[in-house]
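Only this structure's heavy atoms are used, side chains among them; waters, hydrogens and symmetry mates stay out.
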Amino acid sequence: MCRNIKTLFNFDPPATEYEVQAAALQFVRKLSGFQKPSKANEAAFEQAVEEVTVAAQKLLTSLVSNAEPKNREVEMERARARNAKRFGTQSS
């Protein structure tokens with residue numbers, strides 16, 4: 001489940017609001033153990049996602065780096081190469 005949380009810092013272009021919210025959702029899912037909460041837990045789950053999103057966005061905007069921003073396309077190709085080596089298949 002948490003494999004879907006990707007590094008969002010120091011990319012060009014910067015992470016979008018959607019990417020930060022998606023990472024927060026995956027984090028809350030992992031912590032709670034719920035893919036989709038019951039009606040009784042839905043409000044708490046959604047509030048947690050909102051609060052984690054705000055905290056994550058605050059973190060990303062406050063971090064600094066002397067390194068050049070990473071290129072998303074290059075990083076995706078590297079990940080594909082690692083997956084091909086790891087799983088012995090070529091992903092499309």
Side-chain angles (χ1 to χ4, degrees):
M1 190 184 306
C2 271
R3 284 185 230 163
N4 294 336
I5 299 176
K6 307 293 184 208
T7 300
L8 300 177
F9 176 63
N10 201 27
F11 277 95
D12 187 29
T16 65
E17 186 177 317
Y18 174 78
E19 289 172 309
V20 175
Q21 193 273 339
L25 176 60
Q26 287 299 318
F27 181 73
V28 172
R29 284 177 174 170
K30 184 65 172 184
L31 286 179
S32 68
F34 300 136
Q35 178 71 21
K36 183 172 179 355
S38 65
K39 289 287 184 189
N41 293 318
E42 193 171 27
F45 186 90
E46 292 301 322
Q47 181 179 356
V49 171
E50 288 177 27
E51 290 174 2
V52 171
T53 300
V54 169
Q57 190 63 58
K58 186 176 178 181
L59 172 67
L60 291 173
T61 57
S62 65
L63 292 174
V64 294
S65 176
N66 292 328
E68 289 292 318
K70 295 176 254 181
N71 181 295
R72 290 179 184 277
E73 297 300 321
V74 170
E75 294 302 317
M76 284 181 11
E77 286 303 317
R78 288 180 182 163
R80 284 188 189 111
R82 283 191 307 271
N83 285 339
K85 183 176 179 180
R86 181 178 179 191
F87 299 113
T89 60
Q90 196 70 349
S91 59
S92 52

ask   = Who pairs with E50 by side-chain hydrogen bond (donor to acceptor under 3.5 Å, both in side chains), at least two apart in sequence or on another chain?
value = none
inquiry  = With a 3.5 Å distance limit and no angle check, can you tell me whether R29 reaches the backbone of F34 through a side-chain donor-acceptor pair?
reply    = no
message = Within this structure, what is the CG-CZ distance for the pair L25 and F45, rounded to the nearest 0.5 Å?
response = 5.5 Å
query = Among side-chain atoms of Q21 and E17, is any donor-acceptor pair under 3.5 angstrom?
reply = no
Identify all side-chain donor-acceptor contacts of residues 67-76 below 3.5 Å with residues at least two apart in sequence or on another chain.
unit_1	atom_1	unit_2	atom_2	d
N71	OD1	E73	N	2.8
N71	OD1	V74	N	3.1
R72	NE	P13	O	3.1
R72	NH1	E19	OE2	3.1
R72	NH2	P13	O	3.0
R72	NH2	P14	O	3.3
R72	NH2	E19	OE1	3.3
E75	OE2	R78	NH1	2.9

ask   = Should side-chain heavy atoms under 4.5 Å link Ile, Leu, Val, Met, Phe, Trp and Tyr, which residues sit in the same cluster as V20?
value = L8, F9, L59, L60, L63
ask   = How far does CD of E42 sit from CD of E46, to the nearest 0.5 angstrom?
value = 6.0 Å
key: Co-membership, hydrophobic cluster, residues L31 and V52, 4.5 Å side-chain   = yes
note = Output for pair (T16 OG1, F11 CZ), nearest 0.5 Å, gives 12.0 Å
